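What you see is a predicted model, and the numbers here were worked out from it, not measured in a lab.
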Amino acid sequence: MGNYINPGNDGFKSIRKGIYVDKSMLIEYVNSTIDVSPDRMTCFSRPRRFGKSYAAKMLCAYYDRSCDSRSLFADLKIAESDSFEEYLNKYDVLYLDITWFISRARSGGVDIVAGLQNAVILELRENFPDCVGEDETYLPDVLLSVVGKTGRKFIVIIDEWDALFREAKEDQQLQKDYVQLLRGLFKGGPVTDRMIAAAYMTGILPIKKYGTQSALTDFQEYTMVKPAKLVPYIGFTEEEVLQLCNKFNMNFDEMQDWYDGYSFNRIQHVYNPNSVTRAVKNEEFQSYWTASETWESLKNYISMNFDGLKDSVVAMLGGGRVYVETLSFQNDMTSFRNRDDVLTLLIHLGYLAFDAQKQQAYIPNREVAESFKLAVQNTDWRGVGTALRESETLLNATIEGNSDAVAAAMESVHSAETSILQYNDENSLSCAVTIAYYTARNYYTIVRELPSGKGFADLAFIPLPCTDKPAMIVELKCDRSADGAIRLIKEKRYDGALKAYEGNLLLVGIAYDRVKKNHSCVIEKW
């Protein structure tokens, strides 16, 4: 068992001892790529804390010929696959954790790419002494020599493959040296066919592009924008989360509110796996995202000076969705040319979810919304930041029936951010109201356009199980009265969907007069 060559199965053993959700059918996918020239190399990128290293350790345990992993997989779905026995512990594995090599190089003051090659070649020499010469320094040549003399191809697994592009953002030469090494390993054609049975890379960013060309053209890529058939392995599915909630007696509705929201063509509900697992372990729902991603980095991205970026962030804070063109993104953290590039990066980092059919981005859940709240409050966006800070006061004023305070709060938000919160229709007003009531997410599930009675309620505030606050229906009108909004709620029977809260339900009408430039509010207990 080595550090880089045949690392064994200890990593996956540790994973199996904790809360484990069976993602072993990813192995069946990789098995289907073995020795298939167009498909043998896979790059699967997704955000930090979405199970990338778990998958890499699982694959090492399955393929590594130096250990016996049968018992680790016997009770998992992959054991029922026709390919399970064919490839179980049958390969030499080359495993590279790029973050390890970065920290190793920095502590020793050596070149990262050269240090990586030297460390792996040293271990290859120890494992295959008759195959590796003393003066060898180029890893692809050494691997080819080992395979030529042993007749055994390698499975190559690279974890955090893009770490250099994230941690050495400005070092262009280092990045180019690294890409050249990867090209030497994976350039395709007869050499790769002889050397590598399959390759699996995982990271946060898709493969770096130069212009429109991928740096590694032979890889099949699966990303947060286009996960295709690998979408079940991005995070936890709704069925998997429901099973965990039942097993550990956790409230599913709260779990959904906190950690759901990533949606794809094939699977509509995907959850942050790290946050779900930690919530189960701690028996507490909270934002675990900020433990691994700081709001400071998010603040830096959303504060970039690109036309339309601030407007888009404010719209998403208000529960809206914005169109994003993802194709121009260069798959790094420095080559930003427009607002779309920044938003595309945030999709890959997990700060935003992406509806590929409509090409729309949005804030996925309450956990990530907390990071946006902290980031915006620490920008110079005075009006929005103030609204977020004072949203608790506004919510309390609404519950107390203080309609004048609600109208005054809406005036404050609108006057401070007129350029963004233009009230062209009720949808724009809805965005502003959602921002103004931002803290309500701590106590409510907020549903826009809730089907009810004879139409759709603009905003429905449904209390979470942990709160005793009243349910609320908020109807919004431009150039009509707040009294008229209340009448519409009653006429259309919008309260029907919240019948369970009879006696503890507020009707809130908020109106904006575009001529007089003022807000009005009426609140009734129903």
Side-chain angles (χ1 to χ4, degrees), residues 9-29 44 46-62 69-81 84 202 227 229-264 266-293 350 353 364-370 441-445 462-467 500:
N9 58 21
D10 286 348
F12 192 54
K13 278 182 182 177
S14 298
I15 292 170
R16 288 300 317 267
K17 289 178 181 177
I19 297 172
Y20 180 71
V21 171
D22 186 353
K23 295 293 185 180
S24 63
M25 290 305 285
L26 177 63
I27 295 171
E28 184 175 63
Y29 161 76
F44 186 18
R46 52 200 192 277
R48 183 175 282 117
R49 301 293 183 263
F50 267 65
K52 298 185 300 296
S53 296
Y54 277 28
K57 291 174 182 177
M58 177 185 71
L59 293 172
C60 286
Y62 175 76
S69 301
R70 186 178 303 277
S71 61
L72 283 174
F73 293 97
D75 60 335
L76 301 182
K77 295 174 185 176
I78 186 60
E80 302 172 9
S81 169
F84 177 66
T202 185
K229 58 187 174 184
L230 295 192
V231 67
Y233 312 110
I234 284 179
F236 289 169
T237 65
E238 188 159 86
E239 180 182 356
E240 291 164 345
V241 172
L242 189 56
Q243 289 173 356
L244 284 174
C245 288
N246 291 335
K247 181 177 180 180
F248 293 98
N249 196 30
M250 300 288 289
N251 185 284
F252 174 72
D253 290 336
E254 285 194 72
M255 190 76 82
Q256 186 177 50
D257 180 52
W258 272 100
Y259 312 120
D260 186 17
Y262 301 94
S263 181
F264 305 91
R266 295 171 184 243
I267 298 179
Q268 299 302 307
H269 297 277
V270 174
Y271 293 66
N272 181 323
N274 177 69
S275 298
V276 169
T277 302
R278 292 182 66 179
V280 169
K281 286 180 179 177
N282 294 333
E283 299 180 355
E284 183 177 0
F285 299 107
Q286 58 173 283
S287 179
Y288 297 103
W289 183 273
T290 51
S292 59
E293 295 283 353
N365 53 45
R366 179 176 169 187
E367 179 181 48
V368 181
E370 288 294 308
R441 298 165 190 252
N442 296 331
Y443 314 104
Y444 295 92
T445 297
I462 304 172
L464 294 171
C466 60
T467 181

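- Atoms CD and CD1, on Glu239 and Ile267 in that order, are 10.0 Å from each other to the nearest 0.5 Å.
- Considering every non-hydrogen atom in both Phe236 and Glu240, the closest pair reads CA-OE1, 3.4 Å.
- Here the NZ atom belonging to Lys247 is positioned 8.0 Å from the CD1 atom belonging to Ile19, to the nearest 0.5 angstrom.
- Judged by distance alone, with hydrogens and angles left aside, the side-chain atoms of Asp257 form no donor-acceptor pair with the main-chain N or O of Asp253 at under 3.5 Å.
- The minimum heavy-atom distance between Ala279 and Met250, with the atom names listed, is O-CE, 3.4 Å.
- Using modelled atom types, one side-chain atom of Gln268 and one backbone atom of Phe264 make a donor-acceptor pair closer than 3.5 Å.
- Looking only at distances, a side-chain donor or acceptor of Asn251 sits under 3.5 Å from a matching main-chain atom of Glu254.
- Looking only at distances, a side-chain donor or acceptor of Arg46 sits under 3.5 Å from a matching main-chain atom of Gly51.
- Nearest heavy-atom pair across Tyr288 and Glu367 is N-OE2, 2.9 Å.
- Side-chain atoms of Lys23 come within 3.5 Å of backbone atoms of Gly235 as a donor-acceptor pair (strictly under, hydrogens ignored).
- With rounding to the nearest 0.5 angstrom, the CG atom of Leu76 is 8.5 Å from the CE atom of Met58.
- Under a 3.5 Å cut-off, the side chain of Thr467 and the backbone N or O of Pro463 do not form any donor-acceptor pair.
- Within a 6.0 Å sphere centred on CG of Asn249, heavy atoms belonging to other residues, nucleotides or ligands number 12 at most.
- In this structure, Tyr54 places its OH atom where only 12 or fewer heavy-atom neighbours from other residues, nucleotides or ligands lie under 6.0 Å away.
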TODO: Take Phe84 and Arg70 through the test side-chain contact (heavy atoms from CB on, under 4.5 Å) and record every step on the way to the result.
DONE: CA-CA 10 Å; Phe84 177 66; Arg70 186 178 303 277; 4.3 Å; yes

- [ ] Using the salt bridge (Lys or Arg N to Asp or Glu O under 4.0 Å) rule, take Glu284 and Arg278 through it: C-alpha gap first, then chi angles, then the decisive distance, then the call.
- [x] CA-CA 8 Å; Glu284 183 177 0; Arg278 292 182 66 179; over 6 Å; no

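- A side-chain donor from one of Asn442 and Arg366 sits under 3.5 Å from a side-chain acceptor of the other.
- Residues Trp258 and Ser287 have side chains in contact (heavy-atom distance under 4.5 Å, counting atoms from C-beta outward).
- Taking the six-membered ring where the residue is Trp, the centroids of Phe73 and Phe12 are separated by under 6.0 Å.
- When Tyr259, Phe44, Tyr262 are each tested for a ring-ring contact (aromatic ring centres under 6.0 Å, His included) with Phe50, only one passes: Tyr262.
- Taking every heavy atom of both residues into account, Met255 and Cys245 meet most closely at CE-SG, 3.8 Å.
- Here the options are Val241, Leu244, Asn365, the test is side chain to side chain contact (heavy atoms under 4.5 Å, CB included), and the partner is Tyr271; only Val241 passes.
- Between the Glu80 side chain and the Lys77 main chain, no donor and acceptor come within less than 3.5 Å of each other.
- Taking OG of Ser275 as the start and CZ of Arg49 as the end, the distance is 10.0 Å to the nearest 0.5 Å.
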Task: Candidate pair Asp75 and Arg16, rule salt bridge (Lys or Arg N to Asp or Glu O under 4.0 Å), full reasoning - done: CA-CA 11 Å; Asp75 60 335; Arg16 288 300 317 267; 3.1 Å; yes

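- When all heavy atoms of Ala353 and Gly261 are compared, the pair lying nearest together is CB-O, 3.6 Å.
- Using a 4.5 Å cut-off on side-chain heavy atoms (C-beta onward), Phe248 and Glu283 make no contact.
- At least one donor-acceptor pair closer than 3.5 Å links the side chain of Ser69 to the backbone N or O of Ala61.
- With contacts defined as side-chain heavy-atom distances shorter than 4.5 Å, the pair Trp289/Glu370 does not qualify.
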- [ ] Take Ile27 and Leu59 through the side-chain contact (heavy atoms from CB on, under 4.5 Å) test and state the conclusion after the steps.
- [x] CA-CA 7 Å; Ile27 295 171; Leu59 293 172; 3.8 Å; yes

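- To the nearest 0.5 angstrom, Asp10 atom CG is 11.5 Å from Cys60 atom SG.
- A donor-acceptor distance shorter than 3.5 angstrom exists from the side chain of Ser24 to the backbone of Ile78, with no hydrogens or angles considered.
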